[in-house]
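Everything on this sheet refers to the single structure shown next.
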There are 2 protein chains.
Amino acid sequence: MDHPETLTPEPQPDATATSSIQVLDRVVRLLERLGEAGDGGEQLSRLATGLGLSASTVHRLLAALEQHGWVDREEATRRHRLGTRLIALAGRAADGSGLRRLCRPALLRIAAETQETTFLIVRSGLNAVVVDRQEGSYVIESLTQGTGGLLPLGIGSGSLAILACQPAAEVEAILAANAPRYREYGTTVEAVRGSLGGIREQGYMLANGSLIQGLSVIAMPIRPPGRDVTAAIAINFITTRLEPANRQAWLTLLKQEVQSIEAGMSLPPRRTRHSRNGET
Amino acid sequence: MDHPETLTPEPQPDATATSSIQVLDRVVRLLERLGEAGDGGEQLSRLATGLGLSASTVHRLLAALEQHGWVDREEATRRHRLGTRLIALAGRAADGSGLRRLCRPALLRIAAETQETTFLIVRSGLNAVVVDRQEGSYVIESLTQGTGGLLPLGIGSGSLAILACQPAAEVEAILAANAPRYREYGTTVEAVRGSLGGIREQGYMLANGSLIQGLSVIAMPIRPPGRDVTAAIAINFITTRLEPANRQAWLTLLKQEVQSIEAGMSLPPRRTRHSRNGET
DNA sequence: CTTCTCTTTTCCATCATGTGGAATTATATC
DNA sequence: GATATAATTCCACATGATGGAAAAGAGAAG
C-alpha cells in the first residue's frame with residue numbers, strides 16, 4: 001500500500017478524476033498526455049516520467065493500446081501518438097446522439113448563407129467540444145477551433161451560450177471548477193458570470209471581438225423542449241464583416257434554424273421495447 | 001430460462017484482438033459496442049450479456065468510463081452512449097500527425113473549385129478512416145462517410161488508393177484479413193486485388209459508380225518521400241456531374257495539390273537510420 | 001396500493017491480473 | 001568502438017479487478 005518511490009517527488013497531487021479502475025485512469029492520463037504532445041509524438045521514457053509510472057508499465061500500456069489502434073507508433077522515430085482508431089470511435093460518438101446528423105443541414109445552410117464558418121458545440125463535462133464545423137468562404141483557420149476542439153465551459157461564445165442555460169447551482173459548480181483555467185484565457189469567474197445574464201435574456205450570445213481580437217461571434221443555445229441544454233450553434237465573423245445591417249438578419253436566420261432543430265428533437269426519446277430475440 | 005447461464009460457452013470468444021491487459025480489452029470492446037448502438041444508447045444489462053460479462057463488471061467499467069467523459073449517460077432513460085470527451089481526444093488524434101492541418105487548405109481549395117465534397121482519408125490498421133471532410137455545394141450526405149467514417153481497406157476509392165500503395169506482402173495480409181468483410185460490401189478479394197494494379201500505374205483511383213450506384217470518385221494517394229503511404233484525398237461526384245471534359249482538369253488539380261502536400265511533408269524531423277533487422 | 005419481474009447498484013471474499021524493479025537488448029551519441 | 005540512454009523482457013508479489021449474491025430501484029400488471 002505504500003509507494004516507496006525514490007525519485008518521484010509527488011505521488012499524484014494532480015489527481016485527475018480517479019475512478020475505481022486503476023488501469024483505466026492511467027490509460028486516460030496516458031492518452032491525454034499523448035494528445036498534448038506535438039506533431040513529433042512522444043517517447044516512452046518521457047511519458048513514464050511525466051506520469052510517474054515505471055517504464056515497464058507504460059510500455060505495457062502502450063503496447064496494449066497500440067494493438068487496438070488507439071496509439072500509433074512511428075517505427076522510425078519510436079515515438080507514440082494518438083491512434084487513428086480513436087477518430088473512428090469519436091465519429092460514432094458524434095453521431096451517437098443523433099445531434100450532429102440533425103444539425104448538419106442547418107450548419108450547411110447557415111454557412112452557405114453567411115459565408116462564414118459555423119460550429120456545432122456540445123457540452124462535455126466541464127468543457128465544450130466542437131462536434132461539427134462548416135467552413136464558409138472566409139477562412140479564419142488559425143483563430144478558431146477545429147472539430148474536436150476543447151474549451152472550458154465559459155470560454156468562447158458557444159461555450160458561454162451553453163453555460164448560460166445550465167441550472168444555477170450547476171453554473172456555480174462549473175465556474176468554481178473552471179476558475180483556475182479562466183486565468184489562462186485572460187478572464188475571471190466574475191467576468192464569465194457577468195456575461196451569462198445577458199445571454200439568458202436575449203437568448204443568444206454576441207461577442208464583438210471580446211474573446212479574440214477582431215473575431216466576432218454569434219452563438220445560440222439549442223434548447224430541446226424536455227431535456228437539458230447541452231449544445232449551441234456559433235457563427236464566427238471577422239469583426240469587420242459583421243455589419244449592424246446584417247446582424248439582425250443573421251440572428252433571425254440562426255433563430256429560425258435553431259428552432260427547427262429543436263422541433264426535430266421534440267419527438268420523445270424513442271422507446272425501444274426489447275424485442276431482441278436473437279439467442280436463447 | 002431467462003438467464004443464459006446454462007451454457008457459458010467460452011470465457012474468451014477471442015474474436016477481437018486480445019492484448020496483455022484484460023480490462024483494456026474489455027473496455028475497448030465495450031466502447032465499440034456502444035458505438036454500434038443506435039441513437040437511443042444502450043442499457044447495461046444488454047451490454048453485459050452482449051459482451052459475456054457480469055453486470056457488476058460492466059457497471060464498474062461504465063462508471064469509470066463515465067467519470068472520464070468517455071461514456072455519457074442519459075439519466076432519463078438510463079442508457080449509455082459514447083462520451084463527448086472522445087470527440088476531443090479524436091480531435092487531437094487527427095491533429096496529432098499534423099496531416100489534417102497540412103491538408104486542410106488543399107481540401108478547401110479542391111472543394112471550392114470542384115464544388116464537390118472532398119475527403120482526407122487515413123489508414124487505421126485494417127481500415128481507412130475519414131479524418132477530414134470539406135463540403136462542396138452539392139451535398140450527397142447519405143451516400144458518403146462523415147468524419148470518423150470507417151471502412152475496411154479496399155472498400156471505397158480513397159481506401160483503395162491507400163491500399164494500392166502498401167508493400168505487396170502487406171497488401172496480401174490485409175486482403176486476407178479483410179476478406180470476410182468484403183462480402184458485406186458485395187465484393188471479393190479478387191475484385192479488390194484487381195483494382196490495385198491500375199491505381200499503381202495511374203497514380204490515382206477513378207470510380208465511376210462502381211462502388212455506389214451514381215457516385216463517382218477520384219482518389220489520389222499521398223506519397224510522402226521517405227515514409228509509408230497512409231493517406232489519400234478523395235473527391236466525390238454525382239456521376240452525372242463528372243463530365244469527361246472536367247475530369248482531366250480535376251485530376252490535374254488534385255495532382256497539384258497532392259504534390260504540394262507531399263512537398264510540405266518532405267522535411268521530416270528525424271533521419272531514418274537504415275538498420276534492416278526485420279523478420280527472417 | 002400491492003405484488004411481481006427485471007434492471008441497476010453495492011458488497012465482499014477470492015485470486016487472477018497488472019505491477020515495478022532488475023536484467024537484457026536495442027538504439028542513439030560521442 | 002565506447003558510452004549513455006532508451007526500449008523491452010522477465011518475474012515474484014500483492015494490489016486491484018473479478019463475479020456471485022444480495023440489496024435497492026424502477027416499472028408493469030393486477
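Note that these values count all heavy atoms, side chains included, but never hydrogens, waters or copies made by symmetry. Numbered from 1 within each chain, the chains take letters A, B, ... in sequence-line order.
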Which part of the nucleic acid does B/Ser45 contact within heavy-atom distance under 4.0 Å: base, sugar-phosphate only, or nothing? sugar-phosphate

Which part of the nucleic acid, if any, lies within reach of A/Arg73 when heavy atoms closer than 4.0 Å are counted: base, sugar-phosphate only, or nothing? sugar-phosphate

Picking from C/dG20, D/dT18, D/dA6, which would you name as closest to the side chain of B/Leu61? D/dT18

Where the side chain of A/Ala55 is concerned, which of D/dT8, C/dT19, C/dG20 is the nearest nucleotide?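 Nearest to the side-chain atoms of A/Ala55, counting from C-beta on, is D/dT8.
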
Can [X] and [Y] be counted as an ion pair, charged N to O under 4.0 angstrom?
X        : Y        : value
B/Glu32  : A/Arg92  : no
B/Glu170 : B/Arg123 : yes
B/Glu74  : B/Arg81  : yes

Rounded to whole angstrom units, what separation is found between the CG atom of B/Leu53 and the P atom of C/dT7?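 My rounded result for the distance is 17 Å.
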
With no angle test and no hydrogens, is the base of D/dG16 tied to the side chain of B/Arg60 by a donor-acceptor pair under 3.5 Å?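 Looking at the base of D/dG16, it does not pair with any donor or acceptor on the side chain of B/Arg60 (distance under 3.5 Å).
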
At less than 3.5 Å, do the side-chain atoms of B/Ser56 and the base atoms of D/dG19 form a donor-acceptor pair? yes

Presence of [X] side-chain N/O under 4.0 Å of [N] phosphate oxygens OP1/OP2:
X       : N      : value
B/His59 : C/dT9  : yes
B/Arg78 : C/dT7  : no
A/Gln22 : C/dT19 : yes
B/Arg26 : D/dT18 : yes

Enclosure of A/Arg200 CZ (heavy-atom neighbours >12, cutoff 6.0 Å): yes

